[in-house]
Amino acid sequence: MTERLTLALVAIALFTLLAVMPVLAESNLTDEQIAAIMAARPYIMVMTAGDQNYDVGETIEFFGNNTISDMTYLFITGPGLPEDGAQINNPDPAHSPLENDNPASYQQVSVKSDHTWSWKWDTTNYVLESGIYRIHAVPRLYDKDQITPTGTALITIKKSAGSATSTTATPTLSGNEKTVLPGAVTIIAAGNQNYNLGDEIEFKGTNTGTWKTYLFIVGPNLKSAGSQIQRADPGNYAVQNNDTTSFKSIDVNGDHTWSWKWGTAHYALDAGTYTIYAVSQPYDKENLANAAYGTVSITIGKPLESATTSPSTAIPTTTTIVTITTIATPNPSAPITAPTKSPGFGTLVALIGLGAVAFIAIRRH
């Protein structure tokens, strides 16, 4: 009796699934909209119009994408400004530190339905020193030291005649800092940013500053200034500032895009949240003041272990994967043969079938 009930539940679930399939074709969503939703990845980016070199008093346009939230929050760092960020919407940012979790201290920009946003910054009457500034775009109210996806862009600002003057001295660039090109670097991770150790993770993005993108990683038991993501045991290998051989370097294509697939099999990593940095120069985390970079945070868990059950053991609470290879159409005249008992199998199949129906119903709305 139990086996017949199970078969009946499976048949009902499959019949309902086949019945609702035509409903998807009648959905209000177009094929383009569905494709856009499926292609969207959680990331945020910021770019600037023009050549990234401006005078105080000019209007600078920023634009980008945000697939994480419906609001983009902007702040600024640079010469004479608070290290953890300043209010870009305040004419005297040097004396207006970013207030974490205070929306009023950020420039808030609404994100459109196509995940794009834009904002024009009028720098008239702003108190800014000459130098290189970094514009930060975040999807939530966190400063630059919090773990959150971040998009950044570098711009160079110089004081025009008669512009406002700050009492803060302008730092002098020296050494390799003179060779840094303004630009923007972005990075996203394919999927939902949750992976198991052993998965292959694809990173991709843009780089409008240089023709090489340099990657490193920070996270649990890794080097604070950055570890070598290309090493199977990154916890024992720190990136060395300005040493290209210690970074994972990736060529940038002619259209300013780049990509890399990271196979994590055989890696010595603890379960936890990691942040991957994509930088326009081979600089570690402590030397990013004059380089364009982007970050993405991912969660890595331990690989799933297969569980084996016997008739005398209880059903485990861990995830169980059931694979159905074929479904034969029963012959009404043939007697029903009771299948070999497997604890919980019929229930699992029935739940999976009903779950599929629930998913389709949710997707329809």
Side-chain angles (χ1 to χ4, degrees), residues 43-56 58-66 72-89 93-94 98 106-107 109 117-121 123 126 128-138 143-145 149-159 168 170-187 205-216 226 241-242 247 250 252 256-258 276-296:
Y43 75 100
I44 187 166
M45 63 176 289
V46 56
M47 300 183 70
T48 59
D51 60 359
Q52 286 76 50
N53 293 280
Y54 308 93
D55 293 325
V56 172
E58 288 190 66
T59 297
I60 308 171
E61 182 178 4
F62 299 98
F63 60 93
N65 291 68
N66 180 353
T72 296
Y73 301 90
L74 302 177
F75 62 95
I76 188 172
T77 57
L81 303 187
E83 182 179 352
D84 289 336
Q87 300 178 29
I88 195 172
N89 52 341
L98 192 69
Y106 296 77
Q107 176 61 47
V109 185
W117 59 268
S118 63
W119 176 64
K120 292 182 179 180
W121 182 30
T123 63
Y126 263 70
L128 294 169
E129 294 293 332
S130 296
I132 298 175
Y133 290 83
R134 185 186 303 280
I135 311 303
H136 301 256
V138 292
D143 63 33
K144 71 181 183 66
D145 292 324
T150 304
T152 68
L154 287 182
I155 61 173
T156 298
I157 291 181
K158 60 181 180 178
K159 293 187 297 183
T168 306
T170 304
T172 303
L173 300 181
S174 61
N176 57 38
E177 294 178 355
K178 292 181 178 179
T179 65
V180 176
L181 297 175
V185 176
T186 64
I187 177 174
T206 59
N207 182 348
T208 62
T210 60
W211 297 109
K212 285 280 189 182
T213 298
Y214 300 91
L215 302 183
F216 65 86
N241 191 56
N242 211 25
F247 292 78
I250 303 163
V252 177
H256 300 291
T257 63
W258 62 268
I276 291 82
Y277 284 73
V279 192
S280 62
Q281 301 287 337
Y283 295 164
D284 63 20
K285 187 180 176 182
E286 306 300 327
N287 293 277
L288 294 175
N290 294 298
Y293 72 92
T295 67
V296 65

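It should be emphasised that the depicted structure is a prediction, and the values quoted were computed from it without experimental measurement.
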### Task
For the pair Tyr133 and Leu128, evaluate side-chain contact (heavy atoms from CB on, under 4.5 Å) and give the outcome as yes or no after the intermediate values.
CA-CA 10 Å; Tyr133 290 83; Leu128 294 169; 3.8 Å; yes
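- Rounding to the nearest 0.5 Å gives a distance of 7.0 Å between CG of Leu98 and CD of Gln87.
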#### Entry: Trace of the side-chain contact (heavy atoms from CB on, under 4.5 Å) decision for Ile155 with Phe62
CA-CA 11 Å; Ile155 61 173; Phe62 299 98; 4.3 Å; yes
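- At a threshold of 4.5 Å between non-hydrogen side-chain atoms, the residues Leu215 and Trp258 count as touching.
- Put simply, NE2 on His136 and CD1 on Ile88 are 9.5 Å apart, with the number rounded to the nearest 0.5 Å.
- Of the possible polar contacts, one joining the Asn207 side chain to the Thr210 backbone as a donor-acceptor pair under 3.5 Å is found.
- Ser280 places a side-chain N or O within donor-acceptor distance of the main-chain N or O of Ala292, the cut-off being under 3.5 Å.
- Between Ile135 atom CD1 and Ile60 atom CD1 the span is 7.0 Å, to the nearest 0.5 Å.
- Nearest heavy-atom pair, Gly226 versus Phe216, reported as atom, atom and distance to 0.1 Å: CA-CD1, 3.6 Å.
- Contact check for Trp211 versus His256: side-chain heavy atoms found under the 4.5 Å cut-off.
- For Phe63, the side chain to side chain contact (heavy atoms under 4.5 Å, CB included) partners at least two apart in sequence or on another chain are Met47, Ala49, Ser118.
- Ring geometry for Trp121 versus Tyr126: interplanar angle over 60°, hence perpendicular rather than tilted (30 to 60°).
- For Asn53 (side chain) and Thr156 (main-chain N/O), no donor-acceptor pair under 3.5 Å exists by modelled atom type.
- Minimum heavy-atom separation, Gly85 to Thr77: CA-CG2, 3.6 Å.
- Here the straight-line distance linking atom OG1 of Thr152 with atom CG of Leu74 works out to 12.0 Å at 0.5 Å rounding.
- A donor-acceptor pair under 3.5 Å links the side-chain atoms of Thr186 to the main chain of Thr206, judged by distance alone.
- Between Tyr73 and Tyr106, the ring-plane angle classifies as perpendicular under the 30° and 60° cut-offs.
- In this structure, Ile157 CD1 and Tyr54 OH are separated by 9.0 Å, a value rounded to the nearest 0.5 Å.
- In terms of heavy-atom proximity, Pro82 sits nearest to Ala94 at CD-O, 3.9 Å.
- Across all non-hydrogen atoms, the minimal contact from Lys158 to Ser130 is CA-OG, 3.4 Å.
- Pro93 and Leu81 get closest at one heavy-atom pair: C-CD2, 3.8 Å.
- Taking the six-membered ring where the residue is Trp, Phe247 and Tyr214 present perpendicular rings, their angle passing 60° and hence far from 30°.
- Closest non-hydrogen pair, Ile187 versus Ala278, comes out as CB-CB, 3.9 Å.
- For the atom pair CG (Leu288) and CD (Gln281), the distance works out to 11.0 Å, reported to the nearest 0.5 Å.
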